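Computed from a prediction, not measured in an experiment: that's the story for all the values here. Throughout, a chain's letter reflects where its sequence line sits, starting with A, and its residues are numbered from 1.
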2 protein chains.
Amino acid sequence: MFTKACEYAIRAVLIITMKGKEEQKLSIQHIAKEIDSPLPFTAKILQTLSREGLVASVKGPNGGFYIDPKAKPVSLSQIVKAMEEENVLNTCALGLKECSDTQPCPIHHQVKAYKQKLKHVLQEKTIQMLAKELNEGKTFLRISKKRKK
Amino acid sequence: MFTKACEYAIRAVLIITMKGKEEQKLSIQHIAKEIDSPLPFTAKILQTLSREGLVASVKGPNGGFYIDPKAKPVSLSQIVKAMEEENVLNTCALGLKECSDTQPCPIHHQVKAYKQKLKHVLQEKTIQMLAKELNEGKTFLRISKKRKK
DNA sequence: TTAATAAAGGATATTTTTATCCTTTATTAT
DNA sequence: ATAATAAAGGATAAAAATATCCTTTATTAA
């Protein structure tokens, strides 16, 4: 559905939102380990996210990534857009250049409803909402270790 | 959503179903032109589809591709499977190895419904059904030329 | 039986995505 | 000021997807 880059991006912003504070920023190393992603590739993605203003970053000792608590919540679609994948849900499922309600491809109608719903999810769901559910243990980003007896 | 290879595959089988008859088979050239796809790449894809038994083919003069009228209708998911993309709808949207109803990723539930419905569409819709709608002018594979006055 | 035709198959090339490495810049602590 | 640290940025490498080319095999028509 998304590219690896986009998957890592969403996971990274989630971790930064959950664990990054202005007084204790997260390093690339920490983030990559936490989301189990290749470190240098993750660094590139964080560069993009930082440039796009979706995460805050500071260089140097004690530097790293965090979310400005004054900043507006970040929607999933903002991240998808930052990773230049906005068209995942806007292109024809059969790859036709011309495909629309008036000139639909053979599966246009069947696919349309679901694309729209998903688009809505991406627009409405913010990283902050998802981070909350993660904190509450309702959802997961990594395999929850079996607790010792 | 699908790879180019899979898009071409679906479009190719549709064209073969609509226009290919045992007594008048379709050449690779004809198919590639019809679905506006790169010829040699399309040839490769047709090889796969033929090997998987989703289309019939004959070599030599007057050879080409057609659909055996005695064969069972082909579902979209059969094509997707033949192109080895069955997992498009079975993998976690955030790329997690472990993601399930009991250990859901942050967007598992939101995405699940979408994936299931789409999976259902792929299983239920056959190329024959879609070809019928194409023939009836209800759907399109190429830009319909504006008719002259 | 031979020549022509058209798909099958194998090898190779190009492009995009994924991933890595190295140098530069900003920031902090000493 | 200087050294250490950590992200930013640029250049490069590896892998996968897309695309092309050439030879072989099967079939048909002459």
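- OP1 or OP2 of D/dA8 has at least one side-chain nitrogen or oxygen of A/Ser50 nearer than 4.0 Å.
- Taking side-chain N and O atoms only, B/Arg51 has no distance below 4.0 Å to OP1 or OP2 of C/dA7.
- Spacing between atom CD1 of A/Ile45 and atom P of C/dT20 amounts to 11 Å, rounded to whole angstrom units.
- Rounded to whole angstrom, the span from the CZ atom of A/Arg11 across to the C1' atom of C/dT18 amounts to 14 Å.
- With values rounded to the nearest 0.5 angstrom, A/Asn87 atom CG is found 10.5 Å from A/Lys81 atom NZ.
- Within 4.0 Å of A/Leu49, counting heavy atoms only, lies no atom of the nucleic acid at all.
- As a whole-Å value, the separation of A/Met83 CE from C/dT16 P is 17 Å.
- A distance of 9.0 Å separates CD in B/Gln110 from OG1 in A/Thr139, rounded to the nearest 0.5 Å.
- Side-chain nitrogen and oxygen atoms of A/Ser57 include at least one within less than 4.0 Å of the OP1 or OP2 phosphate oxygen of D/dA8.
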Residues 50-62 of chain A, side-chain donor-acceptor partners within the protein, below 3.5 Å, at least two apart:
{"unit_1": "A/Ser50", "atom_1": "OG", "unit_2": "A/Ser57", "atom_2": "OG", "d": "3.2"}

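- Between the A/Gln128 side chain and the A/Val74 main chain, a donor and an acceptor come within less than 3.5 Å of each other.
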Pairs under 3.5 Å (N/O, protein and nucleotides 22-28 of chain C):
{"unit_1": "C/dT25", "atom_1": "O2", "unit_2": "A/Lys59", "atom_2": "NZ", "d": "3.4"}
{"unit_1": "C/dA26", "atom_1": "O4'", "unit_2": "A/Lys59", "atom_2": "NZ", "d": "3.4"}

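- Spacing between atom CZ of A/Phe65 and atom P of D/dA6 amounts to 12 Å, rounded to whole angstrom units.
- Remark: B/Lys138 engages B/Glu136 in a salt bridge, criterion side-chain N to carboxylate O under 4.0 Å.
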Let me have the donor-acceptor pairs involving side chains of residues 111-123 of chain B, under 3.5 Å, with sequence neighbours excluded, atom names and distances please.
{"unit_1": "B/Lys112", "atom_1": "NZ", "unit_2": "B/Asp101", "atom_2": "OD1", "d": "3.1"}
{"unit_1": "B/Lys112", "atom_1": "NZ", "unit_2": "B/Asp101", "atom_2": "OD2", "d": "2.7"}
{"unit_1": "B/Lys115", "atom_1": "NZ", "unit_2": "B/Thr91", "atom_2": "O", "d": "2.7"}
{"unit_1": "B/Lys119", "atom_1": "NZ", "unit_2": "B/Asn90", "atom_2": "OD1", "d": "2.8"}

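- Here A/Met129 contributes atom CE and A/Thr17 contributes atom OG1; the two are 13.5 Å apart, rounded to the nearest 0.5 Å.
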Pairs under 3.5 Å (N/O, protein and nucleotides 17-21 of chain D):
{"unit_1": "D/dT18", "atom_1": "OP1", "unit_2": "B/Lys4", "atom_2": "N", "d": "3.0"}
{"unit_1": "D/dA19", "atom_1": "OP2", "unit_2": "B/Tyr8", "atom_2": "OH", "d": "3.3"}

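- Distance, B/Gln47 CD to C/dA6 P: 17 Å, rounded to whole Å.
- Shown here are the side chain to side chain donor-acceptor pair (under 3.5 Å) partners of A/Gln24, two or more places apart in sequence or in another chain: there are none.
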Which side-chain N or O atoms in residues 33-41 of chain A pair as donor and acceptor under 3.5 Å with protein atoms at least two apart or in another chain?
{"unit_1": "A/Glu34", "atom_1": "OE1", "unit_2": "A/His30", "atom_2": "NE2", "d": "3.4"}
{"unit_1": "A/Glu34", "atom_1": "OE2", "unit_2": "A/Lys19", "atom_2": "NZ", "d": "3.0"}
{"unit_1": "A/Asp36", "atom_1": "OD2", "unit_2": "B/Lys97", "atom_2": "NZ", "d": "3.3"}
{"unit_1": "A/Ser37", "atom_1": "OG", "unit_2": "A/Thr42", "atom_2": "OG1", "d": "2.6"}

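- Atom C1' of nucleotide C/dT18 and atom CD of A/Glu84 are separated by 16 Å, given to the nearest angstrom.
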